[in-house]
Amino acid sequence: MTVSETRKDLVGQRLKRREDPRLVKGAARFMDDIVLPGMAHAAILRSPHAHARIVSIDASAARAMPGVAGVFTGRDMEAINPLPCAFPVGRGFENNINTPRALAIDEVHWTGDGVAVVVAETVAQARDAMDVIQVEYEVLPAVVDAELATGEGAPQLHENAPNNIAFKWNAGDQAGTETALGNGEIVLKQRLRNQRLIPTPLETRGATGDYNAGTDEYTFWLSSQAPHVHRLLLAAFVMGHPEEKIRVITPDLGGGFGAKIFVYPEYPLVGWLSKALNRPVKWTEGRAESHSATTHGRDHVTDIQVAANRDGKITGLHVKTWANMGGYLSTIAPGVATTLYGRMVSGVYDIPNVYCEIVGTYTNTGMVDAYRGAGRPEATYLVERAIDLVARELKLDPADVRKVNFIAQESFPYTNGLGMLPYDSGNYVPALDKALKNLGYSDLRAEQETLRKQGKHLGIGFSSYVEVCGVAPSAWINAEGWGAALWESANVKVHLTGKVVVTTGALPHGQGHETTFAQIVSDRLGVAYDDIIVEWGDTKGTPFGYGTYGSRSLTVGGAAVVNSVEKIRDKIKKIAAHVLEVAETDIELNDGVASVTGAPDRSLSFAEIALASATGFSLPAGMEPYLDETSYYDPPNCTFPFGTHIAVVEVDADTGKVDLKRYVAVDDVGNVINPLIVDGQVQGGIVQGIGQALYEGAVYDDDGQLVTGTLMDYAIPHASQMVNMELDRTVTVSPVNALGVKGAGEAGTIASAPAVVNAVIDALSPLGIKHIDMPLSAPRVWAAMQEANERN
Amino acid sequence: MYPAAFDYHRPGSVQEAISLLQENPEAKILAGGHSLLPAMKLRLAEPGAIVDLGSISDLKQLSLNGGATIGAMCTYDALLNSNELETMFPVLHEALAWVGDVQVRNLGTIGGSAAHADPAADIPAALVALEAEFVVVGPNGERTIPASEFFIDIFTTALEPEEVLTQIKLSAPDGNVVSAYEKFPHPASGYPVCGVAVVVTRDGSGNVSSARITATGSVYVVTRLTGAEDALTGTGGDASAVEAASERATEGVSEFAGDHYASSEYREHLTKVFVKRALNRALGN
Ligand SMILES: Cc1cc2nc3c(=O)[nH]c(=O)nc-3n(C[C@H](O)[C@H](O)[C@H](O)COP(=O)(O)OP(=O)(O)OC[C@H]3O[C@@H](n4cnc5c(N)ncnc54)[C@H](O)[C@@H]3O)c2cc1C
C-alpha cells in the first residue's frame, strides 16, 4: 500500500491490512518459530482420568531415555503458586476459589491436568520419554454437567467448594420479577443449553521460557493476548519473582478468540524448567492437546421464565443459570459468567422486571473462560430465544415483538435493571428496519408460505443484539470485585527523521491494529501512513497495558493513541510558535504543517518540527527535547454496539440438515475506522456463531473423557458450509471516546447463533417445534422432527 | 503430533516389499499415509518399521481395456483425471470426488483406502457395488480375492500381514449399466455418516436385471443392501419402485453404527434416504 504524502482522511478508508503480506507469505514469526541457542523441548504428561488421586509417579525409565534432560512432577515445583483468579465474582457473593497449579500434585480434576513434564533435546525425544512415565492413579468418580455437579451425591472436586459450587451471584429485582411472572398475561418457561465450545485458533498455544542466571531475569515468549498482565500475574502471584525481572514477548499469533487471554499452567512451568536446567525450554501445544488443555467457552444450562402482555410487551424475565467452570477457575472465568453475562441478559429490550441468578460450578472438565463474545453470546441467545417464544405463543411477527420491546432511542444513556453501566448510545429500530429491507422481508414471508405448501421448511430468524465493549472503567470494575482496572496505554514518538512509532499495550491476533492505529495517527498528525509503524507485544518496549480482548483495542487503546497524539500536537504548536515567533494560539496544524493563522507561508513542515524537537536546537526555554508522549486512558463508560442479524435457512425434511440460504446483518459499531477490517471481523464472528448454532459442541462422556478430542469429531465450520453474508451498517456514534467507536470484534459471534437457531425453529414451527438445543446438527434436528411427527 | 520412532524402508519392487515385511513383523505398509500417519501421530499406531510403496511404479499403473486394472498406489487424484474411468464407472468417480479435500486426494490411494477398510470410507462402497477383485501378492505368490470376501470387519480385510495389495480389477460394464454414489458427510471429518453406492443393470426392455447397492459409514463394514437389491430387481426402476426398494434397504442389516454425533436410528434412516437418492439419480427419475 502506498499512500501519498498529502492524502488525508484515511479514517473510513478500506485499506488492506499492512500486516497481511507477512502473514500470508509465511513470513510471520509465530510461537513455534522461536528458536534459542541451547533450547530444550518440553512435553507434558496429562492425566488420562478426569478425576483421580495421584498415588505415585515413577519417572526413572523416562529419565533414562535418550536425549532427556529432566523429568519433573508437581512435587518438584511446589514453590510455584497456584494460578490467580483475577476476576472473582463481586464482593458479598459466595466465592470458593480453586485454581490450577503448574502441574497437579495430589489430585487431578480434568483430563487436561498435567502430572509430569519431560524436557529433552528434541520434541520427539520428550514425547517418547513421556510414554514411559509410570503413574499410579486412584480413579475417582467424575461429574461433567454443571447442574448435576450441585446435586445430592455428586462427586466432590474441592474441599472448599461444597456441592461443587464455585460461586453464586445474582443481579436484578427478584421480588419484582416474581410478581411480574405471577401477573403475566402469558408466562413461558424454557430450558436452554448453551453448549461448550472449543476455541480452536489456527495456531495452538505455546510457551518458551529463558532464565538468565547472570541477571536473574526471565524472558517468556507466550501465546498471550495480554503480555503485561501475564508478566504481572506471573510475578506477583505465581512465581514470586520481581516484576521488572520478567519480560514477556508475544510474537505474531495465529488467532486467540479469548483463549490466549489467560495465564496457563504451562507458562510458569517453562520458566521454572529453564531455571532448573539452565537453558531455554520450549513447549508447543499439539492440536489434540489444545482441545483438552486450553480453555473452552460457554457451557451454560439456563432456565428462563418470561412474562408478557398479549401485545408482546415483556413484563418480566427470570433467568437461572448453572455455569460450568470446569475443574478449576481460569483467570477471568467468574467475571465472564456474571458481569459480562448476567448484567446483559435483558439485551436490547426495556424489560421492567428482570432477575438473573447464576451458580458457577466445578466439574471434571476443561476450564471454561472467555471465548469470543464471552458471556454476551449466552445472554443474547437466551433473550432472543425468549422473544421468539413469546412471538410464537402470541402468533405475532417476531420483528414486531422486538420493536415493541426495544429500548427507545430517547432513553439513552439507558440503565438496565441488572447493574450494567448505562448503555452509551443506541438506535435499535433503524438497524432492524434496514435489515428487513435488505432481506425483502414481506416477500420472503410470502415465499415461505408457498414453500410450506410444497412441504419445504424455510425459516427466517432474527437476532437483535447489544453487547458491551471496552469493559475498562476502573471505578466500576473495582466495584465488580475484579482484580484490576482495564485502562489502556499508548506511546507515540516522532523520531528525528520524521518517522512515527506508535506503541500500544493492546496487540493483534487478527484484528489489524498495525493498520487501524496507523490510519488514526496519520489523519490526526498529518503524517504519511507509510511513515508510521505500530509496535506491540513486548513488555520491554511497550507501556503497561491490559491487552486485547472484549473488543477493547480501539475503544480503549485507540482512544489512548488519540490522547498521545493530542499531546504531541500541543507540543508541536509550542515549538512552531517559538520558531515562527508568534503566540501558540496563532498556530494552526493542518496536514502535518504548522503555520501561522492568516499567513500560511510562515510555516514549518513536519520534518522540520521533528528535526527541531529531536535535536533540541531551537526549542522554547525549558522545553524538553523530543516528541514522545504516553497516555493511559481510563474510559468513563463502556461502549454498546448493537444491530440486527437475520438468517434464512431451509431444513431438509429427509435428513434434518440445515442449509443456510441467506444471511443479512446490520451492525452498528459506531464510527468505522477501516470498513474492510470491520467487515472481516463481522464475517469471522458470524461464522463462529454459525459454528455454534449448527456444528460445534464439546462432548464429555460421563467419565469425563473428551469425546470431541480432535478435529475429526469437533466440527468447526468450513468455508463450503457458509453463505455470502449481506453486510450493512448504521452509525450511532459513541459519546464515550474521542473516536466515537463502539468495538467490532465480537458482534458477529454474539448475533449470529440466535439468528440461525431462531430461523430453524421458525422453519419447523408448523410441526409444533418450539426449541431445539444447539448445535442444530442434522441428527438432532431430525430427531426433533421425528418426535414432533409422532406427537402430531 | 510426533510419532514414535520407526525404521523406514523404500523398496523398489513388490517382492522386495514382501521380504521387508517378512523381516520386520512390526512393519506397516505406507501408501498415501492419510490414514496411517494421523494414527501414528496420535500414537494410536506405533509400527516399528514403515515399508513405503511410493517407489514401486508398477503399482501406480492404470490400464483400461474394457474393464479397468487399477494399481493399488494410484492416487484418488490420478484416477479422477481419467475421463475413461469416469465414463465407465461413474460410481467410482463420484466416490473418489467425495473423498476429503484436495490434499487428501493428491496423496491418498485407492489401495490404501481398501486395505485400511475404515468403516466410514467412501471408496469401498463403490468397489463392492462394482464387484471389484483384489489382487494381492504375498510370500506364497499371488491370489485374487472377490469384493464380497475382501472387507471383513472394522479395519479388517482378507489381507494377510505379509501381503501387498497390488491391483484392483473392475470388469467392463455388461450391457446397460447406470450407477451413482450419494453421501452425507460428517461435518467435522468429511467422512460419510452414510454413503450409498448403486450399480444397476437394465435389460433390453428397460427393466432392472440386477442391482448392487452398498452402504458405508452407517454400518460397521461396507454392506450389500440385499433387501433393496431384491426389491428393485425385475421392476421398471421408476420412482415408486425406488421408493419400495428404499423401504427395504435396511432389511437384514444386523447393526447400524451409532455415536455421539448420530444415533444408529438416524444412520438407519439415512441409509434409506440415500438409497432412494442414489437410485433416483442413477435411474434418471
Ligand atoms: C483430513 C482427511 C480427510 C479424509 N476424508 C476422507 C473421506 O471423506 N472419505 C474417505 O474415504 N477417506 C477419507 N480420508 C482417508 C483417506 O482416504 C486415506 O487416504 C485412506 O483411507 C488411506 O489411503 P492411503 O493411501 O492414505 O493409505 P495409508 O494411510 O498409507 O495406509 C492405510 C492402511 O492401509 C495399509 N496399506 C496401504 N496400502 C496398502 C497396500 N497396497 N497393501 C496392503 N496394505 C496397504 C497401510 O499399511 C495402512 O494400514 C481422509 C483422510 C484425511 C487425513
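Chain letters run A, B, ... following the sequence lines, proteins first and then strands; every chain starts at 1.
The part of A:Ser777 that comes within reach of chain B is its side chain, from C-beta onward, which places non-hydrogen atoms under 4.5 angstrom from that chain. Neither the backbone nor the side chain of A:Asp701 comes within contact range of chain B, judged by heavy atoms closer than 4.5 Å. Neither the backbone nor the side chain of A:Glu289 comes within contact range of chain B; no heavy atoms are under 4.5 Å apart. Contacts of A:Ala126 with chain B are absent, with no heavy-atom separation under 4.5 Å from either backbone or side chain.
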Handout entry: CA sep, side-chain torsions, deciding dist, call: A:Arg298, A:Gln692, side chain to side chain donor-acceptor pair (under 3.5 Å)
Key = CA-CA 10 Å; A:Arg298 324 272 191 258; A:Gln692 170 164 27; 3.3 Å; yes

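In this structure, A:Arg205 forms a cation-pi arrangement with A:Tyr264, its terminal cationic atom sitting closer than 6.0 Å to the ring centre and no more than 45° off the ring axis.
Chosen from A:Pro775, A:Ala43, A:Pro717, A:Ala715, the residue pairing most often with chain B at heavy-atom distances under 4.5 Å is A:Ala715. Between chain B and the options A:Ala124, A:Gly286, A:Gly697, A:Ser720, heavy-atom pairs under 4.5 Å are most frequent for A:Ala124. Chain A forms the most heavy-atom pairs under 4.5 Å with one residue out of B:Arg267, B:His186, B:Lys41, and that residue is B:His186.
Side chains of B:Ser218 and B:Thr271: a donor on one and an acceptor on the other come within 3.5 Å. No side-chain N or O of B:Asp230 forms a donor-acceptor pair with one of B:Thr233 less than 3.5 Å apart.
In summary, of the residues considered (B:Arg277, B:Arg281, B:Lys276), a side chain to side chain donor-acceptor pair (under 3.5 Å) with B:Glu182 occurs for B:Arg281 alone.
For B:His269 and A:Trp782, the gap between ring centers is short of 6.0 Å.
Below 30°, between 30° and 60°, or above 60°: for A:Tyr714 and A:His291 the angle between ring planes is above 60°, a perpendicular geometry. By the 30° and 60° cut-offs, the orientation of the rings of B:His116 relative to B:Phe155 is tilted. Note: A:His296 and A:Tyr700 have tilted aromatic rings, judged against thresholds of 30 and 60 degrees for the angle between ring planes.
By a heavy-atom distance cut of under 4.5 Å, not one residue of residues 27-37 of chain B is near chain A.
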